[in-house]
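The next block holds one structure in the form of structure tokens; read it before the comments.
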There are 2 protein chains.
Amino acid sequence: MVRYGGQTRILVAIDCIIFGFDGNELKLLLIQRGFEPEKLKWSLMGGFIQPNENLDYAANTILNKLTGLEGVYLEQLQAFSEPNRDPLERTIGVAYFALIDIHKYEIQISHEYQAEWFSLNNIPELIFDHSLMVALAKKQLRYKAALHPILFELLPGKFTLPQLQNLYEGIYETEIDKRNFSRKVLSTKLLIKQPEKDMVNSKKGAYYYKLDMPKYIENFQAFLYFIPNPQALLG
Amino acid sequence: MVRYGGQTRILVAIDCIIFGFDGNELKLLLIQRGFEPEKLKWSLMGGFIQPNENLDYAANTILNKLTGLEGVYLEQLQAFSEPNRDPLERTIGVAYFALIDIHKYEIQISHEYQAEWFSLNNIPELIFDHSLMVALAKKQLRYKAALHPILFELLPGKFTLPQLQNLYEGIYETEIDKRNFSRKVLSTKLLIKQPEKDMVNSKKGAYYYKLDMPKYIENFQAFLYFIPNPQALLG
DNA sequence: TCAAAAGTGTTCGAATTACACCCATGG
DNA sequence: CCATGGGTGTAATTCGAACACTTTTGA
């Protein structure tokens with residue numbers, strides 16, 4: 001096979017920043033690395049790209065291996081490329097961020113890996129440049145979620161408006177007026193009110209809503225501003 | 001040196017989508033590829049990453065080699081990774097998009113490469129997946145420019161409001177009311193009116209403006225909506 | 001009966017849009 | 001003197017922010 005002469009070939013790895021929401025706060029799924037270097041240190045879930053995979057496919061495979069989930073929201077973030085980011089051998093790391101319904105994970109958890117959810121403001125020291133990746137993913141999540149309706153990916157199929165608001169408030173570390181919030185959210189017609197209420201988190205109970213899936217998919221790229229003063233919150 | 005066993009090492013290339021604005025329309029700088037495969041076909045400017053460079057550095061180097069310019073606006077777009085995107089050998093292509101003042105280029109043009117500016121709606125067939133890259137870059141440029149003041153990177157140090165408006169109208173293929181546009185732009189206080197006028201493009205002449213650099217840099221991440229109905233224009 | 005959270009409407013100010021006329025100049 | 005493009009102001013509307021009380025229920 002003819003090849004490009006005189007060029008260096010290097011490893012390409014994928015690292016997944018996996019976000020989940022437990023109803024109260026945003027969490028990150030980390031694993032204890034099972035091999036050297038940095039064995040047993042906390043790390044993002046990752047792996048090397050294989051010869052016949054593209055990056056998206058590889059990222060999905062990696063995510064599936066850890067969580068058992070398929071069809072997860074996954075988005076390429078950025079390639080990290082400092083020559084010495086991996087001390088063992090030059091590796092380009094392509095970061096992906098994923099949003100999953102944390103409850104689905106709890107059921108299907110794989111036991112191949114030592115994995116654990118960490119609250120976002122309590123992340124342990126990570127290997128290599130993974131902390132940089134997490135920081136960028138956080139920023140990108142805020143950015144994207146301020147403009148597009150992606151946070152539904154973090155919620156179960158049925159959720160209440162207070163839960164949704166809680167999620168937005170957590171991500172932007174701000175408080176939102178519930179009257180304005182519910183009006184804005186409902187005005188998109190993206191949610192379908194269910195007859196049942198969630199009676200667990202309050203005495204009065206809060207109505208469940210489901211996504212109107214066709215409309216949701218159609219509006220995925222649309223701009224939906226659910227939070228007040230988005231620009232002020234995106235430093 | 002200890003290494004990761006059993007993994008495939010692959011080539012990593014950078015491809016630059018270089019935008020320029022000639023006062024009338026948005027253009028793309030392409031080169032005729034000087035080596036096989038696809039020799040003499042039109043292509044994005046690119047190159048392989050070198051052992052001690054990170055991607056940003058490599059992209060800057062590549063851009064500088066073609067244009068002679070430094071300090072150019074450059075942003076990582078995405079990694080392209082279909083296994084057969086380069087028929088000769090597996091290569092990951094990391095796309096960068098650059099915004100340059102086309103007039104600076106005209107002076108410093110390098111003659112090492114057969115390079116040519118193409119109007120965006122008249123792009124020739126490109127090698128590999130470069131057309132995909134261009135399409136994504138166009139989309140990203142629209143997206144980003146709808147929210148942030150990056151289009152100034154395409155203009156010379158002194159420019160007029162009609163020129164600026166022309167640029168926005170070209171990128172979004174829309175028409176903007178000049179009264180509303182100038183009010184919006186000037187309300188940011190980002191522009192400093194110059195005493196001289198551009199007498200070339202009209203009889204009456206249009207005042208030149210310069211960027212207030214400190215304010216511009218400060219507001220680089222800020223949200224500035226210069227175009228009406230941004231969401232409608234970003235399909 | 002009380003505490004806790006859910007649900008709902010109105011008012012005000014700011015921002016956005018639509019729109020039309022006069023000005024300066026070169027030919 | 002006229003054609004061309006530059007420059008400017010106002011009114012109407014829409015959108016977003018602020019804000020308080022009633023309801024339901026479990027303890």
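Here the structure is a predicted model, which means the values were calculated and not measured. Below, chain A is the first sequence line, B the second, and so on; all start at residue 1. Values below: all heavy atoms of this structure, side chains included; hydrogens, waters and symmetry mates excluded.
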Legend entry - NZ/NE/NH1/NH2 to OD/OE distance under 4.0 Å, A:Glu116 and A:Lys27: no
Inset, instruction - May I ask you to decide whether B:Glu169 forms a salt bridge with B:Lys178, counting only side-chain N to carboxylate O separations under 4.0 Å? - result: no
Legend entry - Interatomic distance, B:Gln78 atom CD to A:Leu55 atom CG [nearest 0.5 angstrom]: 9.0 Å
Legend entry - Atom pair OG/CD of B:Ser131 and B:Glu125 - distance to nearest 0.5 Å: 7.0 Å
Taking [atom1] from [X] and [atom2] from [N], how many angstroms apart are they, rounded to a whole number?
{"X": "A:Arg183", "N": "C:dT11", "atom1": "CZ", "atom2": "C1'", "result": "11 Å"}
{"X": "B:Ile176", "N": "C:dA18", "atom1": "CD1", "atom2": "P", "result": "12 Å"}
{"X": "A:Leu161", "N": "C:dA5", "atom1": "CG", "atom2": "C1'", "result": "13 Å"}
{"X": "A:Lys197", "N": "C:dA5", "atom1": "NZ", "atom2": "C1'", "result": "11 Å"}
{"X": "B:Tyr207", "N": "D:dG5", "atom1": "OH", "atom2": "P", "result": "19 Å"}
{"X": "A:Tyr208", "N": "C:dA5", "atom1": "OH", "atom2": "C1'", "result": "15 Å"}
{"X": "B:Phe181", "N": "C:dA18", "atom1": "CZ", "atom2": "P", "result": "16 Å"}
{"X": "B:Gln194", "N": "D:dG6", "atom1": "CD", "atom2": "C1'", "result": "17 Å"}

Inset, instruction - Among D:dT25, D:dA17, D:dG6, find the nucleotide with the atom closest to the side chain of A:Met199. - result: D:dT25
Legend entry - Closest nucleotide among D:dG6, D:dT8, C:dA18 to the B:Ala206 side chain: D:dG6
Legend entry - Centroid-centroid under 6.0 Å between B:Tyr216 and B:His148 rings: no
Legend entry - Which residue lies more 5' along DNA chain D, comparing B:Asn180 with A:Ser202 via nearest heavy atoms: B:Asn180
Legend entry - Nearest-nucleotide comparison on DNA chain D, the residue closer to the 5′ end among B:Lys203 and A:Arg179: B:Lys203
Legend entry - Base C:dA24 to side chain B:Lys204, donor-acceptor N/O within 3.5 Å cut-off: no
Legend entry - No-H, no-angle donor-acceptor pair, A:Asn201 side chain to C:dA5 base, under 3.5 Å: no
Legend entry - N or O in side chain of A:Lys178 less than 4.0 angstrom from C:dA5 OP1/OP2: no
Legend entry - Below 4.0 Å: OP1/OP2 of C:dT17 and any side-chain N or O of B:Lys184: yes
Legend entry - Residue closer to the 5' end of DNA chain C, A:Ser182 versus B:Asp177 (nearest nucleotide): A:Ser182
